[in-house]
Number of protein chains: 2
Amino acid sequence: MLTAKGRRTLHRIVDGATAELRERGVDELRLEDVMARTGVSKGQLFHYFPDGKEGLLLAVVRREADQVLSDQEPYLSDLTSWMAWQRWRDRLIDRYVRQGDRCPLRGLLGDTGRRIPAAQSVLTDLIDRWQTSIVTGIRCMQETGEVSSEVDASRTAASLIAGIQGGVLLLTSTGRTDYLESAVDNVIEGLKGHCSRP
Amino acid sequence: MLTAKGRRTLHRIVDGATAELRERGVDELRLEDVMARTGVSKGQLFHYFPDGKEGLLLAVVRREADQVLSDQEPYLSDLTSWMAWQRWRDRLIDRYVRQGDRCPLRGLLGDTGRRIPAAQSVLTDLIDRWQTSIVTGIRCMQETGEVSSEVDASRTAASLIAGIQGGVLLLTSTGRTDYLESAVDNVIEGLKGHCSRP
DNA sequence: GCAGGAATGGACTGGCCAGTCCAGAAATTC
DNA sequence: GAATTTCTGGACTGGCCAGTCCATTCCTGC
């Protein structure tokens with residue numbers, strides 16, 4: 001019930017909608033713009049997304065959520081040394097600084113959740129997976145003794161994620177990168193400060 | 001050019017719009033809802049805000065920005081001891097946890113800036129003032145020797161603000177309070193860890 | 001090659017909502 | 001108390017845009 005051609009069209013729609021969402025934000029996103037950008041007719045759009053705008057946006061949100069994490073690979077899943085942490089940190093910051101306000105996270109965190117109830121669970125799921133990866137990284141460092149075992153991995157990871165979210169938010173709204181950098185560096189330095197063999 | 005009666009009406013409009021903004025968010029805010037809530041007619045609305053919705057929202061945003069800081073007083077301006085920091089922290093978190101998603105910050109940080117260009121400068125101004133207060137607090141602690149003079153006050157303040165923003169964002173979108181708490185506590189503990197007389 | 005489903009194009013509808021306009025009431029000023 | 005300004009109510013307009021509908025064309029299996 002979906003030919004190869006159809007699959008391609010569907011893909012094209014999601015691609016276009018993703019770009020449109022990043023550029024304009026949820027509330028300014030118009031189906032007509034997606035149509036213009038992708039060269040797809042209204043009939044097609046509702047053929048592939050019978051639930052209309054909401055269904056389309058949900059598909060976009062799901063993709064973006066995956067993108068956020070896969071953008072951080074392979075570093076995020078391998079936080080096993082200070083050098084690895086540094087590389088992850090550099091990649092993360094570079095990514096968001098480059099993206100400026102065409103930012104996937106911005107779309108997810110802004111009012112999107114409020115507009116599309118189903119997006120809420122996608123978001124919490126993303127945050128959970130993210131936190132889990134970081135916790136794993138911290139535990140690993142504790143096992144090798146490079147981080148004190150007294151550190152609460154879960155809380156530290158939570159604070160790191162909050163710092164990233166806030167940093168990105170401030171980056172997109174003020175254009176300044178130092179909030180994001182300071183937040184991430186501060187948490188990592190805190191981790192280093194708790195080194196069990198100084 | 002504004003009678004006492006007029007001033008009262010204007011006030012009533014801003015009040016209603018503020019409540020409406022917190023409940024619904026920028027993109028879902030309807031002038032008709034503000035009218036219904038405040039019992040004000042369309043003619044009045046455009047009489048007091050000739051620029052229409054945008055002008056009204058700008059007025060609301062300005063008020064909210066002031067509110068964010070004054071909510072933290074008198075603690076924010078008096079971060080002169082660890083106990084004071086603790087009280088400030090408690091007040092801040094209590095405030096946001098109580099507010100849930102009827103949150104002034106959410107309105108300011110979300111897509112509001114994008115929608116209302118003039119709001120951007122209100123926001124950066126708010127962040128600047130906030131950061132300045134925190135920096136002052138840290139410097140004060142350094143002078144009394146309770147925080148090492150090696151600490152970069154500006155960067156630490158930036159990381160604290162980023163953590164708060166992210167924490168609040170995650171609080172409103174996931175309902176979990178631990179991101180905000182962890183973020184704030186982590187920065188403060190980091191500050192304590194740099195105590196120059198252990 | 002033909003049936004039936006998949007894919008496409010685009011005209012049309014209907015609701016929503018910001019913003020306009022003006023007429024009349026209430027106040028302020030002199 | 002007349003003139004002028006401010007204030008108020010609400011009907012009306014016009015544009016925008018999601019969603020509907022259907023006619024047509026394109027596949028695909030048999």
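By convention in this document, chain letters (A, B, ...) are assigned in the order of the sequence lines, proteins followed by strands, and residues within each chain are numbered from 1.
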S.K.: Give the nucleotide from the list C:dA6, D:dG9, D:dC7 with an atom nearest to the side chain of B:H47.
M.R.: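 Taking heavy atoms from C-beta onward, the closest nucleotide is D:dC7.
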S.K.: What's the closest nucleotide to the side chain of B:K5 if the choices are D:dT6, C:dG10, C:dA26?
M.R.: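 For the B:K5 side chain, the nearest candidate turns out to be C:dA26.
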S.K.: Grab the CZ-C1' distance between B:R7 and C:dA27 for me, whole Å please.
M.R.: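 Interatomic distance, CZ of B:R7 to C1' of C:dA27: 13 Å.
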S.K.: So do the side chains of A:H11 and A:R8 get within less than 4.5 Å of each other, counting heavy atoms only?
M.R.: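 Not in contact.
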S.K.: Under 4.0 Å, heavy atom to any atom of DNA chain D: which of residues 11-34 of chain B qualify?
M.R.: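 Of all residues in residues 11-34 of chain B, none places a heavy atom under 4.0 Å from DNA chain D.
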S.K.: What is the separation between atom CG on A:L10 and atom P on C:dT8, rounded to the nearest whole Å?
M.R.: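 Nearest whole value for this atom pair: 10 Å.
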S.K.: To the nearest Å, give me how far apart CE (A:M35) and C1' (D:dA18) are.
M.R.: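 Atom-to-atom, A:M35 to D:dA18, this comes out as 11 Å.
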S.K.: Does any part of the side chain of B:Y96, heavy atoms only, come nearer than 4.5 Å to the side chain of B:T177, both counted from C-beta?
M.R.: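 Answer no - side chains too far apart.
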S.K.: Hey, are B:E20 and B:R30 close enough for a salt bridge, meaning a charged N less than 4.0 Å from a carboxylate O?
M.R.: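 Here B:E20 does not pair with B:R30 in a salt bridge, since their nearest N and O are not under 4.0 Å apart.
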S.K.: Using atom CZ of A:F49 as one end and atom C1' of C:dA7 as the other, report the distance to the nearest whole Å.
M.R.: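 Taking atom C1' of C:dA7 as the reference, CZ of A:F49 is at 15 Å.
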S.K.: Nearest whole Å is fine: how far is C:dA18 P from B:F46 CZ?
M.R.: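 Spelled out: CZ on B:F46 to P on C:dA18 is 8 Å.
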S.K.: Does a nitrogen or oxygen in the side chain of A:T3 sit under 4.0 Å from OP1 or OP2 of D:dT28?
M.R.: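 False: A:T3 side-chain N/O out of range (4.0 Å or more) of D:dT28 OP1/OP2.
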S.K.: Tell me if a side-chain donor or acceptor on B:Q165 pairs with a main-chain N or O of A:Q165 at a distance below 3.5 Å.
M.R.: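 Judged by distance alone, no pair lies under 3.5 Å.
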S.K.: Using the six-membered ring wherever Trp is involved, compare the ring planes of A:W82 and A:W85 and label them parallel, tilted or perpendicular (cut-offs 30° and 60°).
M.R.: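 Answer is tilted, since the angle falls between 30° and 60°.
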S.K.: With DNA chain D as reference, determine whether B:M1 or B:G43 sits nearer its 5' end, using the nearest nucleotide of each.
M.R.: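 Closer to the 5' end of DNA chain D: B:M1.
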S.K.: Under the 3.5 angstrom rule, does the side chain of B:T172 hit a backbone N or O of B:L169 as a donor-acceptor pair?
M.R.: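 It does hold such a pair.
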S.K.: Can you tell me if the side-chain N/O atoms of A:Q44 get under 4.0 Å from OP1 or OP2 in C:dA7?
M.R.: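 Result: no.
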S.K.: I want to check one thing: is the phosphate of D:dT8, taken as OP1 and OP2, less than 4.0 Å away from some side-chain N or O of B:Y48?
M.R.: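 Affirmative; the distance criterion is met.
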S.K.: Without hydrogens or angle criteria, can the side chains of A:Q44 and A:S41 be said to hold a donor-acceptor pair below 3.5 Å?
M.R.: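 Judged by distance alone, the side chains do pair up.
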S.K.: Reading DNA chain C from 5' onward, which residue's closest nucleotide shows up sooner: B:P50 or A:G6?
M.R.: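 Here A:G6 is the residue nearer the 5' end.
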S.K.: If you take atom types as modelled and just measure distance, does the side chain of B:K42 reach the base of C:dA18 with a donor-acceptor pair under 3.5 Å?
M.R.: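 Present.
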